[in-house]
Each structure stands twice: as C-alpha cells, then as structure tokens.
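On a predicted model such as this, the values are computed, not experimentally measured, just so you know. Here is the naming used below: chain letters follow the sequence lines, and residue numbers restart at 1 for every chain.
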2 protein chains.
Amino acid sequence: MRIGELARRAGVSTRALRYYEQQGLITARRSANGYREYDEDDLRLVAEIRALLTVGFTLADAEPFVACLRAGNATGGSCPESVAVYRRKLTEIDEEIRTLLVRRAEVAAQLAGSCPGCPTGKQGEK
Amino acid sequence: MRIGELARRAGVSTRALRYYEQQGLITARRSANGYREYDEDDLRLVAEIRALLTVGFTLADAEPFVACLRAGNATGGSCPESVAVYRRKLTEIDEEIRTLLVRRAEVAAQLAGSCPGCPTGKQGEK
DNA sequence: CTTGACCTTGACACCGGCGTCAGGGATTAC
DNA sequence: GTAATCCCTGACGCCGGTGTCAAGGTCAAG
C-alpha cells in the first residue's frame with residue numbers, strides 16, 4: 001500500500017509517517033515512480049509507535065520496540081531493551097507524579113492562605 | 001538599581017528580566033543613557049514571578065499576581081483574579097496527575113505482560 | 001488532453017522560557 | 001587613551017511532533 005492508505009488505516013497523517021521515517025523508526029520500499037510502498041508489517045509498526053506515543057513515550061523511546069517487532073517478536077515489549085525503557089519510563093512517570101503532588105500541595109497551601117475557606121480538595125477525592 | 005544588580009539579587013538572568021518586560025509583567029524606568037532602572041518593588045515582583053514559575057505557572061498565569069502586588073496588596077495572591085488562577089491551576093494539576101496515574105498503570109501492565117515477575121511498584125511506595 | 005487525486009521533497013510555523021551571539025554605546029578606573 | 005565592565009536592541013536556536021504551504025511529478029478515468 002502507499003502512504004495515504006497506511007495513514008488512513010493507522011489513523012495518522014502522512015506527515016507523521018514521513019517524520020517517523022526521517023527519525024529512523026520505519027523504512028519504505030520505493031516503487032519505480034518513487035512512491036513509498038508499505039506492507040502489513042509496517043502497519044503493525046506504526047500502530048506500536050502510536051500506542052507508545054499516547055502513553056507519553058517519545059519517538060526515541062519507541063525505537064527499541066520497533067526494532068523488537070522487526071526482529072520477529074510477537075510484541076514490541078518482548079526484548080530486554082524494551083523492558084529497560086518500560087522501567088525507565090515508570091521511574092520518570094513516578095518522578096513527575098511526585099513533582100506534581102508537591103506542586104499541588106504548595107499551590108493549595110497558597111490558595112488556603114489567600115482565600116481562607118476556599119476548597120482545595122482534589123476533584124474526585126472523597 | 002540597574003538590570004545586572006536586579007538579576008543577581010533575584011537570581012535570574014538579565015535575559016529573563018527583559019523577557020518578562022517584553023511579556024508585560026514588569027516595567028522599568030529608563031535613565032538618561034537608556035539603561036533600565038529598577039527599585040525594591042521590582043525585586044519583589046520578580047521574586048513573585050520566580051516563585052510562580054517554579055510551581056509550574058506560566059508567565060501568563062503570573063500576570064494577575066504581579067498586577068495584584070502592584071496594586072499595593074500584601075501578597076500577589078490577595079486578589080480575586082489570582083485566586084481564580086490558583087483554582088484553575090489546581091484543577092490542571094489534578095488533571096495531569098490523573099493522566100499520569102493512568103499512564104503509569106498502562107505502562108506497568110505492559111511491563112508485567114512482557115516481563116512476568118518484573119517489579120512495577122512505585123518507588124517509595126510501601 | 002485534461003482533470004483530479006495521489007505522490008514527492010523542502011522548509012517555515014508553533015509553543016515557552018529562555019541561552020547566546022552579533023554589533024553596537026556608556027561609564028568608570030587606571 | 002584604553003581596557004574592563006556594564007548596558008542596549010535584534011534575532012536565531014532549542015525541544016518534539018506534527019500542520020501546512022510551495023512547487024512540482026504520476027497516474028487513471030473521462
């Protein structure tokens with residue numbers, strides 16, 4: 001399939017696909033007229049990339065997962081490099097959460113000081 | 001005082017001070033030679049801006065606080081506009097925390113699937 | 001032959017808060 | 001005089017993942 005079809009099926013823009021290629025995450029055969037040609041495996045790779053991006057991974061983070069899939073593994077997370085990224089991302093996320101919790105407490109304290117009686121509870125907190 | 005002294009005392013770069021001015025947060029008198037001149041009140045404003053930036057506010061978020069101080073209030077958070085920003089930031093932070101918690105769970109689940117037995121607990125969690 | 005839908009590469013725009021360099025002028029000390 | 005240290009404005013760079021426009025080539029249908 002060509003880039004337009006892959007884009008539609010993967011739910012991304014053609015711009016994004018070219019960018020992934022430029023970043024070395026996907027490659028494309030070229031037909032005689034210079035058009036990029038993709039197969040079902042490429043769709044799989046793009047789906048993996050999208051899934052990772054939506055949970056906050058960067059394209060660089062996604063690289064081991066793509067390589068893992070290309071190596072024939074059932075999932076992109078099956079390789080030790082991918083597992084290492086998972087763990088790093090977990091610690092990064094935890095760090096961000098801690099930072100936000102501290103900030104939240106600071107802002108809530110400031111609000112309480114400036115506006116006694118103002119509610120400062122988290123939404124959805126019982 | 002001139003910009004270099006204010007920068008040193010406030011712990012920011014001169015570039016940052018010019019940027020705050022460009023964004024309309026602070027203003028400066030000009031001496032005959034065109035140099036910016038600041039006073040102690042300006043130092044106070046910059047301190048307020050820095051405090052807000054470090055808890056994740058943008059310069060736009062900081063604007064009501066600066067205005068509040070300039071209006072003669074004891075703290076930048078004493079005005080209703082500032083309180084509104086406090087509350088908005090609290091909901092934004094809460095939203096970010098929720099997003100991160102969801103992501104964390106997703107990543108942890110993926111890791112658990114790819115690497116049975118791998119620890120996925122939050123650091124510092126008992 | 002022409003229209004239209006597809007494809008190509010290249011490059012600027014965005015967001016935020018600056019860092020940093022270029023190319024000057026001002027002031028003070030020696 | 002001149003060196004050192006300050007100041008000025010203007011403008012590009014950064015980061016990440018695109019959106020979007022420019023200016024063209026390709027191909028099938030009518």
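We find that CZ of Arg15(A) is positioned 15 Å from C1' of dC7(C), with the value rounded to whole Å. Separating the CZ atom of Phe57(A) from the C1' atom of dG17(D) is a distance of 17 Å, rounded to the nearest angstrom. Tyr38(A) places its OH atom 11 Å from the C1' atom of dC7(C), with the value rounded to the nearest Å. Rounded to whole Å, the distance from CG on Leu52(B) to P on dC18(C) is 13 Å. Spacing between atom CZ of Arg8(A) and atom P of dA5(C) amounts to 13 Å, rounded to whole angstrom units. Tyr35(B) places its OH atom 14 Å from the P atom of dT5(D), with the value rounded to the nearest Å. One interatomic measurement links the two molecules: CD of Glu37(A) to P of dC7(C), which rounds to 10 Å at whole-angstrom precision. In this entry the distance linking OH of Tyr19(B) with P of dT20(C) reads 17 Å, nearest Å.
No side-chain donor from either of Asp94(B) and Thr91(B) sits under 3.5 Å from a side-chain acceptor of the other.
With hydrogens and angles ignored, no donor-acceptor pair under 3.5 angstrom links the side chain of Arg36(A) to the base of dT8(C). No hydrogens or angles were tested; on distance alone, nothing pairs the side chain of Tyr20(A) with the base of dG17(D) as donor and acceptor under 3.5 Å. For dT9(C), its base never sits under 3.5 Å from the side chain of Arg18(A) at any donor and acceptor pair.
By the 4.0 Å N-to-carboxylate-O rule, Arg103(A) lies too far from Glu106(A) to be salt-bridged with it.
An OP1 or OP2 oxygen of dG25(D) is reached within less than 4.0 angstrom by no side-chain nitrogen or oxygen of Asn33(A). Dashed line: the shortest gap from a side-chain N or O of Arg30(B) to OP1 or OP2 of dT9(D) is under 4.0 Å.
Under the 4.5 Å side-chain criterion, counting only non-hydrogen atoms from C-beta, Glu63(A) is not in contact with Val66(A). Considering only heavy atoms from C-beta on, Ile49(B) comes within 4.5 Å of Leu59(B) through its side chain.
Between Leu17(B) and Ile3(A), it is Ile3(A) whose nearest contact on DNA chain C lies nearer the 5' terminus. Between Ala32(B) and Leu59(B), the residue anchored nearer the 5' end of DNA chain C, judged by the nucleotide with its closest heavy atom, is Leu59(B).
No donor-acceptor pair closer than 3.5 Å links the side chain of Ser78(A) to the backbone N or O of Ala74(A).
The residue Thr14(A) sits apart from the nucleic acid: no heavy atom pair falls under 4.0 Å.
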